[in-house]
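So the structure is just underneath, and the comments pick up after that.
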Amino acid sequence: MGSFYITTPIYYVNAAPHMGHAYTTIAADVIARHHRQRGDDVFFLTGVDEHGEPVANAAEAQGMTPQALADLNSERFRALMPRLNASNDFFIRTTDPEHKAKVQEVLTRIKDNGFVYKDHYEGWYCPRCADFKSENEIEDSNRCPIHHIELTREQEENYFFKLSAFQERLEQLYADNPDFVGPRHRANEALAFIKGGLQDVSLSRAKLTWGVEVPWDTEHVFYVWFDALLNYYTALSYARPGEDLTEKFWPPQLHVIGKDILKFHAVFWPALLMAADLPVPERIYIHGYLLMDGEKMSKSLGNVLDPLVVIDRFGTDALRHYVLRDVTFGQDGSVSTEAFEQRYESELANGLGNLASRCIAMVRKYRDGAVPAVQPELREDFDGLAGEVAALIDRAELTPALELVWERVRRLNRYVEETAPWTLANDPANAERLDVVLATLVEGLRVVAVLLASVLPETTEKLLATLGAPDTAYAGATLTAGTVAQVQALAPLFPKDIPAAAPA
RNA sequence: GGCUGGGUAGCUCAGCUGGUUAGAGCGCACGACUCAUAAUCGUGAGGUCGGGGGUUCGAGUCCCCCCCCAGCUACCA
């Protein structure tokens, strides 16, 4: 029973929300909900990153101010959260004035600590883009990848962050905390990068105005990454009006991120915190990409699985379950509408949904809905289960954790066949035996629902309400006599006769 | 090129420090049952564990070489 602070990355408002955003959010939400079940005081943060050049450029192209575009797109991300059933405690926007003020405060401290200096940044510059291009994005013979014109070598005055000063401390951090970054091979990747030698990085941009002003030199704005990373810290100071949660929740227990932003989180971020004399996060976990039929999703390929379309048709729970179940969390994996529908039918509808239907129907038919208050069987199958699941979730091994629970769903369906309650019901002499079987089934169902509550919040709430046992406290995830007294009728949890979505 | 992961049944993957006939889920075939959302349960087919050497009484599991896939190898967020 402690505090648990978990974050998603803040999503960049340059583009519309897509499955990748949904995936990260769902995973973090499952972990957040799980910890609430365990009685932890949870703070779950998500939000949007609104500054930087791509937003400024996109706004200009659309004839809007950057703020107007940010307002528009931020709202789309904010609206996504309830659709996913995300239980975030706050939604941060980097244009929040409180965030900006705090960023300035922290970075000023870093400067005061001697980790900031002014120098020239030199690179290949595209006058049409009005921007520097990195080495790996320029085309042959130094041409702009967008305009295909020749780039010029230019300089600009920048403030730099002395990342190089943290080489040793970062190596030590990784040595002392083997689980600082997970999965393991991502830690290897980050460590290899660190050991390769750290160079100082630009902290500010002079040619750009869409960002947080450098307080000691207002001709500059902070390079968007430093502004963005600090959201994890700044949010705590103003998420609750009149209250500063920093003391209570800092440092975070877990940052959930995608692999594209590993370096910023696993290298720059801890160094930045060290420079500010702040504790570093306990753990960063990197998930993989969802691939469509083995290929990266992209609009140009037209192979995008739209989370909102799936939710509209099958419900949020089905999407949450699918992405965590079908793709091993932490690895890349393929998704497809076929795989989704198959998983939905076999596991949710036929597996859990039908189990609930048959169990509840039998209790109503044979006992008028009254559940016998006798000791359930199957103890050997459920003993220790809750602990094992929690241990896996603590390691962010969400997929194996789910597998453990689904093994029990299958076990309960098998138990129904083994005990054949419909046969027992034929002979009053078997009444006691039938009592035990029914009690076991209902109780098993309840425990499974509690264990799946973080993944399937809507469905399990419905199911537990039917059982008259709405409590999802994790301590209750164990077979006990008499928890459920009476069951109500239950409509199919995961209906199968869902019409295909109307063509758009 | 270097580094890090990975290549195991049609599909998605488990297989810890080497040890009985290599496992699970899904899919498929056949059978059983009827409480249930024509759901469920059982049985089965079947894979030279990427390829080749080697160590060992014994290797998917260790060593060497090779092939293939993915990621990283710094300032796009």
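By convention in this document, chain letters (A, B, ...) are assigned in the order of the sequence lines, proteins followed by strands, and residues within each chain are numbered from 1.
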Considering every strand and a 4.0 Å limit on heavy-atom distances, what is the contact class for A/N14: base, sugar-phosphate, or nothing? nothing
Just how far, in rounded Å, is P of B/G25 from CZ of A/R411? 13 Å
With both distances under 3.5 angstrom, what nucleotide forms a Watson-Crick or G-U wobble pair with B/G1? B/U73
Could you tell me whether A/L262 contacts a base, only the sugar-phosphate backbone, or nothing, with contacts defined as non-hydrogen atoms closer than 4.0 Å? nothing
A/N158 and A/Y223: side chain donor to acceptor below 3.5 Å: no
Do A/N354 and B/A39 have a side chain to base donor-acceptor pair shorter than 3.5 Å? no
Would you say the side chain of A/L324 lies within less than 4.5 Å of the side chain of A/L402, judging by non-hydrogen atoms? yes
Does a donor on one side chain sit under 3.5 Å from an acceptor on the other, for A/E50 and A/S74? yes
Closest nucleotide among B/C41, B/G71, B/C35 to the A/M362 side chain: B/C35
Only pairs with both distances under 3.5 Å count, Watson-Crick or wobble alike; so what is the partner of B/A39 in this structure? none
Checking side-chain polar atoms at under 3.5 Å, does A/H99 have a donor or acceptor matched by the opposite partner on A/T94? no
Nearest-Å distance once atom P is located in both B/G27 and B/U40: 8 Å
Rounded to whole angstrom, note down the C1' distance from B/G18 over to B/C11. 29 Å
A/N188 has a side chain; which of B/G5, B/U37, B/A74 sits nearest to it? B/G5
Neighbours of RNA chain B within residues 190-197 of chain A, by heavy-atom distance under 4.0 Å: A/F193, A/G197
Taking the same atom, P, in B/U61 and in B/G15, what whole-Å distance lies between them? 15 Å
Using the C1' atom as the reference point in each nucleotide, state the distance between B/A29 and B/C65 in Å, no decimals. 43 Å
So which nucleotide from B/G5, B/A36, B/C75 ends up closest to the side chain of A/S357? B/A36
Taking the nucleotide of RNA chain B with the nearest heavy atom to each, does A/L348 or A/R186 sit closer to the 5' end? A/L348
Taking only N and O in the side chain of A/K496, is any of them less than 4.0 Å away from OP1 or OP2 of B/A39? yes
From B/U73, B/C35, B/A70, pick the nucleotide closest to the side chain of A/R358? B/C35
Let me know, please, whether A/D49 or A/Y366 comes out on the 5' side of the other along RNA chain B by nearest nucleotide. A/Y366
Could you please name the option among B/U73, B/A77, B/G42 that lies closest to any side-chain atom of A/Y223? B/A77
Establish, from distance only, whether the side-chain atoms of A/T95 and A/H51 form a donor-acceptor pair under 3.5 Å. no
Parallel, tilted or perpendicular for A/F226 and A/F268, by the 30°/60° rule? parallel
Using the C1' atoms only, state how far B/A22 lies from B/A59, rounded to an integer number of Å. 12 Å
Less than 4.0 angstrom between a side-chain N/O of A/Y289 and OP1 or OP2 of B/G71, yes or no? no
Calculate the interatomic distance between A/F226 atom CZ and B/A77 atom C1'; express it in whole Å. 13 Å
Using the P atom as the point on both nucleotides, what is the distance between B/A45 and B/G10, in whole Å? 14 Å
Integer-rounded Å distance: B/G31 C1' and A/E417 CD: 13 Å
Counting any heavy atom closer than 4.0 Å, what does A/I360 reach on the DNA or RNA strands: base, sugar-phosphate only, or nothing? nothing
Mate of B/C28 where both pairing distances stay under 3.5 Å, Watson-Crick or G-U: B/G44
Return the nearest nucleotide to the side chain of A/K259; candidates are B/G71, B/U37, B/U4. B/G71
Rounded off to whole Å, could you give me the OH-to-C1' distance for the A/Y415 and B/G42 pair? 19 Å
Does a side-chain N or O of A/R410 approach OP1 or OP2 of B/A39 to a distance below 4.0 Å, or not? no
Hey, does A/Q331 reach any base, or is it just sugar-phosphate, or nothing, if we go heavy atoms under 4.0 Å? sugar-phosphate
Is A/W225 touching bases, backbone alone, or none of the nucleic acid, heavy atoms closer than 4.0 Å? base
A/V48 and side-chain contact (heavy atoms from CB on, under 4.5 Å): which partner among A/N73, A/N231, A/V13, A/I92? A/V13
Between B/U37, B/C13, B/G71, spot the one nearest the side chain of A/T328, thanks. B/C13
Is the phosphate of B/U40, meaning OP1 or OP2, less than 4.0 Å from a side-chain N or O of A/N350? yes
Whole-angstrom distance between B/C28 and B/G6, as gauged at atom P: 32 Å
Choose from B/U73, B/A77, B/U40 the nucleotide whose nearest atom is closest to any side-chain atom of A/Y12. B/A77
Do A/R283 and A/N177 pair up side chain to side chain, a donor and an acceptor below 3.5 Å, judged on atom types alone? no
With rounding to whole Å, what would you report as the distance between B/G7 and B/G47 at their C1' atoms? 14 Å
Heavy atoms under 4.0 Å, any strand shown: does A/R184 hit a base, just sugar-phosphate, or nothing? nothing
Proximal nucleotide (of B/C75, B/U37, B/U34) relative to the A/W422 side chain: B/U34
Does the A/T8 side chain pair with the main chain of A/T25, one donor and one acceptor, at a distance under 3.5 Å? no
Tell me: OH of A/Y174 to P of B/C3, nearest whole Å? 21 Å
Whole angstrom value for the distance that separates P of B/U12 from CG of A/L290: 15 Å
When you check the side-chain N and O atoms of A/N413 and A/E417, is any donor under 3.5 Å from an acceptor? no
Among side-chain atoms of A/Y232 and A/H265, is any donor-acceptor pair under 3.5 angstrom? yes
Check the distance between B/A36's P and A/L352's CG and give it to me in whole angstrom. 18 Å
From CG of A/L404 over to P of B/G25, roughly how many Å is that when rounded to an integer? 14 Å
